[in-house]
Structure formats: structure tokens, C-alpha cells
Amino acid sequence: MPTAAPAAPEPSDFIRDIVAADIASGKHTRIHTRFPPEPNGYLHIGHAKSICLNFGIARQFGGICNLRMDDTNPTKEDTEYVDSIRRDVDWLIGGWATDTLGLKRVGADDGRVVVADDGRVVVAGDGRVVVAGDAEPGTALEPFYASDYSGRLYSAAVRLIEAGKAFVCDLSAEQMNEFRGTPTLPGKDSPFRGRTAAENLDLFARMRAGEFPDGARTLRAKIDMASPNVHLRDPALYRIRHAEHHRTGSKWCIYPMYDFAHPLSDQFEGITHSVCTLEFEVHRPLYDWLLAALDLPAPLPRQIEFARLNLGYTVMSKRKLLQLVEEDLVTGWDDPRMPTISGLRRRGVPAQALRTFATAIGVTKFNGLTDVAVLEHIVRTELNTVALRRLAVLSPLKVVLTNIPAGEVIEVEAVENPGDPSAGTRKVPFTREVYIDRDDFMEVAPPKYFRLRPGGEVRLKYACIIRCDEVVKDAAGEVVELRGTALLDTRSGGPDSGKKVKGTIHWVSASHAIDAEVRLYDRLFTEELPEKDGRDFRTVLNPRSCVVVQAKLEPALARTVPDTRYQFERLGYFWPDPKDSTADRPVFARTISLKDAWAKETAKA
RNA sequence: UGCCCGAUGGUGUAACGGUAGCACAGCAGAUUCUGAAUCUGCUUGUCAUGGUUCAAAUCCAUGUCGGGCAACCA
């Protein structure tokens, strides 16, 4: 295994500045963040940014980051998503922040996370360690679930009612919309706003008991219908939903809203910094109001917002990704063209590359568009250091080297990784008949073309220089074969090995090559902004986002090592598709192409 | 047009009242048994206008532009 890159300096951003200041001022003596996805879709690279931020902060400040399923809407959530989220988080932070992953003992619920005398985080009243890295071996751990807090959330709502700060409202959804006013016009008080605490308590209990149908009543905060912030205009806290919840089953028929459940979940878990995206900025006054209204003890969690990731040549919202999946525009959530974490993983992108990317793009409140070239560059850099070099021909053109006797096998030595001598070398068979890529031969070539042309010479990497003597065509005039001479004295290590030619190309021995399907992935969309000016992103799908070819590979590729990345020399980084590749029928996926200065040159012309 | 937030090269980000830096992209060259990698060099920026100050990207005011907010979603 190559040694890890030297430890990068810890990142710095305005959120980490706040965290550091809160420690310096003594406001907090420990740091606790959380990553709270709703299990209604797969995680994508935007979530990766958030994961790296939240776990990165925990790591940097010796704290913990809880994984919490924000599952307060039974109609949208599913255990398939819970499982995928767990997998993706484990993979992304594996070996990096696993020690900071906050989980809880399976079944432990309604537990307040507190710090014990020895500094360990435990669930109060339970006493069990909940940090994954600290857990006793064999302890079954699971993420936190907002739905586990149903009981305590309900109690908090009751207290709010008792304090006269919440009321049961009989307005329908449409009526509530009318009463809310508009951003420019103040709203009107609900006619049910004046109900007594006793009446509210009774009604809320009956809501819970299932006496009313869906939508019949809500529990609302009593704040200010004239507030310029519409989220403060007596927002709904609980709604009636007679629905099966993926976790609590039919135990509850009332479910808390995000604005009610989230700040309280944070507080229950002892979260110190609740980091979320910009669209929740206007919710922050409500977040703070709720914690204050319940008179909860300091230090209270603080919500901080940052800009979500926007990446070129892709779409990012769960809704659109779901659409791609449901309309079979891709093969699934883990299609290697998807910006999902599972898609990127299957594509062959290392977790470390995603982490490096998350750090590289920074954290601010500016809503920008990140150039996908940054991601591509980081993936190449990461792979370049670890990938084993291999020879592979994607579009084979046979070359017969007439001066090599049929049946003779010349073993040439090839380096595994030029940047890592310890990776060693391997033998590659070189014979009379080889395949080269069609791109590496031109019958009529421009002056700056360095590869093979009639009468020209080129070096076969690791072997020797060859000369093209004859071009064989079929009836249609297509080039079907080349015949040439191997200049054996120019062999690597041979007497004329120092001879210079402009070009060096890759090749495989025709008789030794193995056949394999190779999937050449490219950007999913042809436009950097798929939805620019309101256009339907489906109209700019890249028809060449997955090009499948039958390739000829050097024999060493018959045996691949799990989790190993390969560079097909001069082409790009590849690895066996973890789902579809078998020993009988190898399937390789291109993670990313190599930079191609020649392609750029020809594109200019 | 009510409230909230933001604005630094093409893109993303740093500079926390004192030399506008870094990365990507781009361009030019060196090197190369990968037209990769590596190495050199270069181009390009503080939204505008006022104000405070010895000194402003930074503080203040106004404007401009961009984003967010009116689910019983999160």
C-alpha cells in the first residue's frame, strides 16, 4: 500500500471560526455536531460536503458527530434509504472520522446524550457508550432517529401548550394559507388562537388518540401573525397523519414538523453546532424561539447555515435524481454517472478524493457554481498515486510485425507505478501480432501527429520501436491491418534503447489479450447548467455519457485485486465494476479519463 | 417589492483596518518510453458611489445585481 499523503493542514472556514471561538470563550467545553439526512433518497456529493464538514469539525475539535435520520414524515421515508445512507456515510468517513461517528445502542431511545465524568459520551439513564469507535466490541449500534423522540417531543408540545405558547387550530390547510398572508402582507390570527390551555391539552391528546382524520387539526405555535418572517406566523408544529411509519409503525398518528422536531432533537442529543444549508436561514428565529419558549438549559445548540454545493454538468436535488432513476434515464441510484455517493463509489472514485474535494471547495455563504474540473482534477491526482499501470486497447487495430517469428513470445518488463517504485514490475508478453488503438494510427496525419503513420515509427511502450511498412485495407477501403517491422535493438534495455521517436503508444499481444467489456463514462449532461433558463434537464442528457466497447486487455488484467485502481496507460483510470464484473465476464468502468492535450489541440483546429 | 442572506480574476476560495494570495481552468515553454504526471513562466480580480481613517476587499451609508422565504415537506 502506498503511504498516505502528508497530513493536510486542518481546514479553516467561518463555521470552524465560530466553533473555535465558542471553545475559547468557554461557551462549550466539548463539540457535538450532527448529520441529519431525511431518509427519502440517496445521498449525493452535496451531502458529502455536509458530511465532511460536520464530521471534519468533530474530528478537528475532538468532538462527535451524530448520524441522525430526520424521519418525521412517514409518507416519504423508507428503510431502503436508511440503509443506503448508513452505507454511504460509513464508506465516506471510513478510516478518517469513524472515531467521531455518534451512534446509539440499538433500541436505546428517548435517551439524552450527556458527557460522563470520564469525558465519554453516554446515553443518560442507560449508561452505554454510544460513540462507534468507543463501543464495546459486539455492541449493536444504530443511528439516532428523530422518530425515537416521539414521546419526548410530545411532552415538549404539552409543555408549550401549558405555557400558553401553542394552540390547537381547526383551520384547513387552505384556510391556513389564506390566514398566513403574504410576504408583503401580514396574516390574520386564527379564530382558534384564543383557546384555553385546558381545551388545547384535551384536543391535542385527542389528536394523538386518533379521534380526528388527517388534516382536521394542527398544533400551532403562538407567535406573531404579523411577523415579517412568515415562518414566525404561528407555524404548524404537529399534523395528523394516519400513516404507517417505517420505524414506529402505527404507534403514532400525529407527527411533528421539521421546525419543531429539529431544534429539539439537537437539544436532546447535546448538539452544540447545528450546521445546515442556506435555505434554513429564515427558520433560525423559529429554531431559537422554540428552545427559548421551552426554557431549556444553556448551552443551547446554535444553528449555522452554509451554501450547498452546486456542481457543473449535473443535477443535485433528490427530486431530480429520483426522476432520473424512475424514468430509467440511468440504471439506478448507484449508476456510475450519478452524482450520488453510491454512484461515485461504483464509478471508482475513492472516498479520499471526495474528502479532498469537500475541503478544496471551502465553506461559505456564497451560492456559487463549482467547476466540475476541480472534482475531476482531484480524482485524477488521487488515482495517479495509487493506480497500477496496465496496457489496454479499446478500439483494436492489428499490427503484424513481420520480422518476429510466429509463436515467439518476448517477455518485456513493465513498471506497475512510475510514481511508486516499491510497486514493482510485471512481465508483459510481446509477439508477432499486436493490437494498437485505431486512434494511434493515421493514414494521412497532420505534421504534429506523433503516433504511427505509413512509413513512420513509434515506440510500443515497454517493448521497442516499430515501423509501419504496409497498410492493409478491405474492399470498402477501411484499414483492417498494419504490417511492419519491430526494431528489436531499440528494446527497453537493448543497445539502441536510447533511440528517440516522437510517440510512444500502448498495445497488447493479440494472442494473449483478454476480452472485456469496458464502459466509458462521461458527464451525464452536455451543458454545465442543465436547467439554465428553465429548460428541462432531460433535453440535455449526454448521449455519450456511457459508451460501451469491447476491449483487448493485457493478460495481467485477468486477475484483479478487489478495491485496486488501474490506469490504462494513456487512456484513463479504470476498475472492475463492483456489480457487474465477474471472473468469466470482466467489466471495467472508466472512473475518469487522463487529460488529453492532443485532443485539445485537435479540437482547436 | 415585506423580511433574511450574499457579492474578491473565467470558476471556487484566502486575506479578520496595513504587500490582494491559493487552487482549478486557460496560455507559453522545459521534460517525458503515458501528448499523463512533473517543472518554469504568464494572463486575468476587490459590484458601484459616497463616507470614516495616516491607511478600506475589510468599518458605515446608499444603490446595483444575485440567492432564499408565503408545504399540515425537510
Side-chain angles (χ1 to χ4, degrees), chain A residues 12-14 17 36-38 40 70-73 75-77 169 171-173 176-177 180-187 214-220 227-233 235-241 254-255 257-259 261-262 276-285 305 307 312 318 360-378 380-381 384-385 389 391 414-415 418-419 448-451 458-465 490 492 497-506 528 567-572 593-601:
Chain A
S12 167
D13 53 64
F14 78 99
D17 289 347
E38 183 188 13
N40 66 345
D70 215 349
D71 56 350
T72 55
N73 184 350
T75 61
K76 289 191 175 178
E77 295 145 10
C169 181
L171 254 27
S172 70
M176 212 189 280
N177 267 326
R180 187 161 30 236
T182 71
T184 51
L185 252 41
D214 284 4
R217 292 180 219 263
T218 56
L219 181 73
R220 292 226 262 164
S227 170
N229 182 340
V230 293
H231 295 281
L232 258 21
R233 318 239 264 228
L237 265 21
Y238 266 91
R239 76 283 214 185
I240 300 171
R241 270 295 115 85
I254 56 172
Y255 291 92
M257 303 290 292
Y258 166 88
D259 282 317
H262 206 89
C276 62
T277 45
L278 249 29
E279 67 269 27
F280 292 102
E281 213 160 17
V282 285
H283 294 241
R284 190 177 353 117
E305 312 84 16
K318 281 187 196 169
I361 57 178
V363 178
T364 66
K365 298 187 74 164
F366 176 71
N367 213 314
L369 175 68
T370 297
D371 193 334
V372 72
V374 176
L375 208 216
E376 294 174 343
H377 172 260
I378 287 168
R380 286 189 182 106
T381 304
N384 183 42
T385 62
R389 310 294 130 126
L391 298 175
V415 303
K448 285 169 76 180
Y449 187 78
F450 297 159
R451 286 108 95 154
V458 76
R459 178 175 286 281
L460 296 187
K461 177 114 183 164
Y462 305 124
C464 66
I465 294 172
T490 65
S492 305
S497 68
K499 176 169 178 175
K500 299 288 182 198
V501 283
K502 283 299 246 182
T504 299
I505 63 173
H506 56 274
E528 184 172 36
Q567 184 198 96
F568 291 179
E569 296 216 40
R570 302 209 308 131
L571 296 173
S593 67
L594 247 30
K595 274 177 71 176
D596 190 345
W598 173 244
K600 198 191 290 178
E601 184 75 26

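Naming: A, B, ... by sequence-line order, numbering from 1 per chain.
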Quiz item: Quick one: stems for RNA chain B, with Watson-Crick or G-U pairs under 3.5 Å, at least three in a row?
Solution: B:2-7 with B:64-69, B:10-13 with B:21-24, B:26-30 with B:38-42, B:47-51 with B:59-63

Quiz item: Within the structure shown, what part of the strands sits under 4.0 Å from A:H283 by heavy-atom distance: base, sugar-phosphate, or nothing?
Solution: base

Quiz item: Is A:V374 touching bases, backbone alone, or none of the nucleic acid, heavy atoms closer than 4.0 Å?
Solution: sugar-phosphate

Practice problem: Look at all strands and tell whether A:Y255 reaches a base, only sugar-phosphate, or nothing, counting heavy atoms closer than 4.0 Å. | Solution: nothing

Self-check item: Whichever of A:A360 and A:L171 has its nearest RNA chain B nucleotide further upstream toward 5'
Solution: A:A360

Exercise. List for me each residue that meets ring pair (Phe, Tyr, Trp, His ring centres under 6.0 Å) alongside A:H506, sequence neighbours excluded, and say none if there are none.
Key: none

Quiz item: For A:V415, which residues count as a side chain to side chain contact (heavy atoms under 4.5 Å, CB included) partner, sequence neighbours excluded?
Solution: A:P418, A:T425, A:Y462

Exercise. For A:L369, report the nucleic acid contact type (base, sugar-phosphate, nothing); a contact means any heavy atom under 4.0 Å.
Key: sugar-phosphate

Practice problem: With heavy atoms under 4.0 Å as the rule, sort A:L278 into base, sugar-phosphate or nothing. | Solution: nothing

Quiz item: NA contact type, A:K461, heavy-atom cut-off 4.0 Å: base, sugar-phosphate, or nothing?
Solution: base

Quiz item: Which whole number of Å gives the distance between the C1' atom of B:rC4 and that of B:rU8?
Solution: 23 Å

Quiz item: Base, sugar-phosphate, or nothing for A:E376, non-hydrogen atoms under 4.0 angstrom?
Solution: nothing

Practice problem: Pick base, sugar-phosphate or nothing for A:E38, based on heavy-atom distances below 4.0 Å to the nucleic acid. | Solution: sugar-phosphate

Quiz prompt | side chain to side chain contact (heavy atoms under 4.5 Å, CB included) partners for A:T490, two or more places apart | solution = A:R459, A:C464, A:I465, A:L487, A:D496, A:K499

Practice problem: Assign A:R389 to base, sugar-phosphate, or nothing according to its heavy-atom contacts below 4.0 angstrom with the strands shown. | Solution: base

Practice problem: Heavy atoms of chain A, cut-off under 4.0 Å: which first and last nucleotide of RNA chain B, 5' to 3', fall inside that, if you could look? | Solution: B:rU1 to B:rA74

Counting only pairs under 3.5 Å, give me each side-chain donor-acceptor contact of residues 360-369 of chain A, with atom names and distances, residues two or more places apart or in other chains.
residue: A:T364; atom: OG1; partner: A:F366; partner atom: N; Å: 3.1
residue: A:K365; atom: NZ; partner: A:E281; partner atom: OE2; Å: 2.4
residue: A:N367; atom: OD1; partner: A:N310; partner atom: ND2; Å: 2.8

Exercise. Report which part of the nucleic acid A:Y449 touches: base, sugar-phosphate, or nothing (heavy-atom distance under 4.0 Å, all strands).
Key: base

Quiz item: Does A:T182 have any side chain to side chain contact (heavy atoms under 4.5 Å, CB included) partners at least two apart in sequence or in another chain, and if so, which?
Solution: A:T184, A:L185

Exercise. Please list, chain by chain and in numerical order, all residues satisfying ring pair (Phe, Tyr, Trp, His ring centres under 6.0 Å) with A:H231, sequence neighbours excluded.
Key: A:H283

Practice problem: May I ask you to say what A:D70 touches in the nucleic acid, namely base, sugar-phosphate or nothing, with a heavy-atom cut-off under 4.0 Å? | Solution: sugar-phosphate

Quiz item: With a 4.0 Å cut-off on heavy atoms, is A:M257 in touch with a base, just the backbone sugar-phosphate, or nothing at all?
Solution: sugar-phosphate

Quiz item: By side chain to side chain contact (heavy atoms under 4.5 Å, CB included), which residues pair with A:P186, not counting sequence neighbours?
Solution: A:A226

Exercise. Please work out if A:F366 contacts a base, only the sugar-phosphate, or nothing of the nucleic acid, heavy-atom cut-off 4.0 Å.
Key: sugar-phosphate

Quiz item: Which value, in whole Å, describes the distance between the P atoms of nucleotides B:rA56 and B:rG51?
Solution: 12 Å

Quiz item: So what does A:D17 touch, heavy atoms closer than 4.0 Å: a base, only the sugar-phosphate, or nothing?
Solution: base

Self-check item: Of A:G368 and A:K500, the one whose closest RNA chain B nucleotide lies more 5'
Solution: A:G368

Quiz item: Would A:K448 and A:E601 count as a salt bridge (Lys or Arg N to Asp or Glu O under 4.0 Å) if you check the C-alpha gap in whole Å, the side-chain angles of each, and the deciding distance to 0.1 Å?
Solution: CA-CA 10 Å; A:K448 285 169 76 180; A:E601 184 75 26; 3.3 Å; yes

